[in-house]
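Read through the structure below, which is laid out as structure tokens, and then see the notes.
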Amino acid sequence: LAVVDLDAGHSMDTEVAAANVDEKGSVSTLISNKKNRRLDTSYGCAFFPDFRAKLSGDAFDAPASITLPSSIAGLGVLTYTENVKQLWFAPAGFNRGGLAGALNPSGVAPENVNFDLTQRQCDDLYSANINPIKTFNQQFVVFGQKTLQVKRSALDRINVRRLGIFIKDFMRETSKGFLF
């Protein structure tokens, strides 16, 4: 399952010449750019917005605060869900979609998200098959588990696609001894 970053019309502070430039982009630009790319696959998913986090651990002399792409949050909740439950559980909501619980073991402590999304923006993102990261009482939570598939089906959910991938791989390995 690919976790992709979509263009919201912004520039990360590490990608521009001037240190004070860090445009956040917009939800409408993100949705428009996604539609123009005509992404339609159940083997991919996307999250929004980017977030700031402190990095700590052996690789850093002192905690560093940087902006990370939303795909890091997506990968974090996918991994966390697989570790605490099974890969076919939804990687979203307060139990398995919280960024603090998902990212802290790796030395990433979320500080804030680039957008405090309104309910309308969350609804617009979800309708466009982009999983919103919402703020609740200083907790940052992935609130959606949609794939990039446009047509509604069971496979437009991350947990169902991951279960399908798991079953396919399991069947391939199991049947090797029976096929000639």
Side-chain angles (χ1 to χ4, degrees), residues 1-10 24-51 68-103 110 113-136 139-179:
L1 182 70
V3 179
V4 299
D5 285 314
L6 300 172
D7 181 16
H10 72 285
K24 295 180 181 181
S26 72
V27 171
S28 59
T29 301
L30 174 71
I31 292 170
S32 176
N33 288 342
K34 186 217 174 251
K35 286 181 182 177
N36 290 339
R37 288 185 64 189
R38 297 183 187 156
L39 295 172
D40 185 9
T41 179
S42 66
Y43 287 96
C45 60
F47 299 85
F48 184 81
D50 297 340
F51 65 102
L68 295 171
S70 57
S71 59
I72 299 295
L75 290 168
V77 297
L78 289 172
T79 303
Y80 181 73
T81 299
E82 192 168 338
N83 286 335
V84 299
K85 289 291 186 182
Q86 294 292 339
L87 58 88
W88 47 82
F89 280 77
F94 290 104
N95 291 331
R96 293 175 302 279
L99 296 190
L103 299 174
V113 291
N114 283 359
F115 278 91
D116 189 12
L117 296 170
T118 65
Q119 187 59 48
R120 168 79 182 201
Q121 289 172 320
C122 286
D123 293 343
D124 291 345
L125 288 167
Y126 202 69
S127 294
N129 298 337
I130 301 167
N131 301 299
I133 301 171
K134 186 98 169 94
T135 305
F136 293 96
Q139 294 182 27
F140 313 108
V141 181
V142 172
F143 247 75
Q145 62 140 351
K146 286 188 130 184
T147 65
L148 293 171
Q149 180 173 305
V150 175
K151 185 176 180 182
R152 293 188 67 171
S153 77
L155 294 176
D156 72 351
R157 300 286 188 256
I158 290 172
N159 65 328
V160 176
R161 171 44 69 201
R162 292 185 79 204
L163 175 61
I165 293 168
F166 174 81
I167 291 171
K168 183 178 173 182
D169 290 344
F170 178 79
M171 294 303 295
R172 181 180 20 244
E173 289 300 313
T174 304
S175 63
K176 279 183 180 176
F178 297 104
L179 299 175

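All heavy atoms count here, side chains included; hydrogens, waters and symmetry mates do not.
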Over all heavy atoms of both residues, which pair between Val77 and Gly97 is shortest? Give the atoms and the distance, please. CG1-O, 3.7 Å
Any sub-3.5 Å donor-acceptor pair from Asn129's side-chain atoms to Gln149's backbone N or O? yes
Donor-acceptor pair, side chain of Asn36 and main chain of Ser32, under 3.5 angstrom: yes
Heavy atoms only: give me the nearest Ala92-Gly144 pair and the separation to one decimal. CB-O, 3.5 Å
Indicate yes or no for a side-chain donor-acceptor contact from Asn33 to the backbone of Ala8 under 3.5 Å, with no hydrogens or angles considered. no
So, Lys34 side chain and Ala128 main chain: donor-acceptor pair closer than 3.5 Å or not? yes
Any donor-acceptor pair under 3.5 Å linking the side chain of Ser175 with the backbone of Phe178? no
Between SG on residue Cys45 and CG on residue Leu148, distance to nearest 0.5 Å: 6.5 Å
Could you pull out all residues at least two apart from Asp169 that satisfy salt bridge (charged side-chain N to carboxylate O under 4.0 Å, His left out)? Arg172
For Val141 and Gly93 the tightest heavy-atom approach is CG1-O, 3.3 Å
What distance do Ser42 atom OG and Lys151 atom NZ have between them, rounded to the nearest 0.5 Å? 12.5 Å
Shortest non-hydrogen separation from Val113 to Pro49 and the atoms involved: CB-CG, 4.0 Å
Which of parallel (below 30°), tilted (30 to 60°) and perpendicular (above 60°) describes Phe115 and Phe48? tilted
Kindly indicate, with the supporting measurements, whether the criterion side chain to side chain donor-acceptor pair (under 3.5 Å) is fulfilled by Arg96 and Tyr80. CA-CA 7 Å; Arg96 293 175 302 279; Tyr80 181 73; over 6 Å; no
Flag side-chain contact, heavy atom, 4.5 Å: Ile130 against Phe47: no
Criterion side chain to side chain contact (heavy atoms under 4.5 Å, CB included) on Phe51 and Phe140, from CA distance to verdict: CA-CA 9 Å; Phe51 65 102; Phe140 313 108; over 6 Å; no
How close do Val3 and Leu75 get, counting heavy atoms only, and between which atoms? CG2-CD2, 3.7 Å
Which pair of heavy atoms, one from Ile158 and one from Pro91, lies closest together, and at what distance? CG2-CG, 3.9 Å
Rounded to the nearest 0.5 angstrom, the CZ-NZ distance for Arg37 and Lys35 is 15.0 Å
Assess the pair Phe143 and Phe94: is the distance between their ring centroids shorter than 6.0 Å? yes
Would you check, one step at a time, whether the test side chain to side chain contact (heavy atoms under 4.5 Å, CB included) holds for Leu30 with Asp7? CA-CA 6 Å; Leu30 174 71; Asp7 181 16; over 6 Å; no
Any donor-acceptor pair under 3.5 Å linking the side chain of Lys134 with the backbone of Cys122? no
Under the side chain to side chain contact (heavy atoms under 4.5 Å, CB included) rule, what do Leu87 and Thr81 come out as? Steps first, then yes or no, please. CA-CA 6 Å; Leu87 58 88; Thr81 299; over 6 Å; no
Set of side chain to side chain contact (heavy atoms under 4.5 Å, CB included) partners for Tyr126, sequence neighbours left out: Asn131, Pro132, Lys146, Arg157
Do Val4 and Ser71 have side chains that get closer than 4.5 Å, going by heavy atoms? no
Answer with yes or no whether the side chains of Arg161 and Thr147 bring together a donor and an acceptor at under 3.5 Å. no
Atom OG1 of Thr135 and atom CG of Leu117: how far apart are they, to the nearest 0.5 Å? 7.0 Å
Apply the test salt bridge (Lys or Arg N to Asp or Glu O under 4.0 Å) to residues Lys85 and Glu82: give CA-CA distance (whole Å), side-chain angles for both, the deciding distance (0.1 Å), then the verdict. CA-CA 5 Å; Lys85 289 291 186 182; Glu82 192 168 338; over 6 Å; no
Nearest-0.5 Å distance, CG of residue Leu1 to CG of residue Asn159: 10.5 Å
Is there a donor-acceptor contact under 3.5 Å from the side chain of Ser70 to the main chain of Asp50? no
Rounded to the nearest 0.5 Å, how far apart are OG1 of Thr41 and CG of Asp156? 12.0 Å
Does atom CZ of Phe136 have more than 12 heavy-atom neighbours, drawn from other residues, nucleotides or ligands, at distances under 6.0 Å? yes
So, does Gln139 use its side chain to make a donor-acceptor pair with the main chain of Gly98 at under 3.5 Å? no
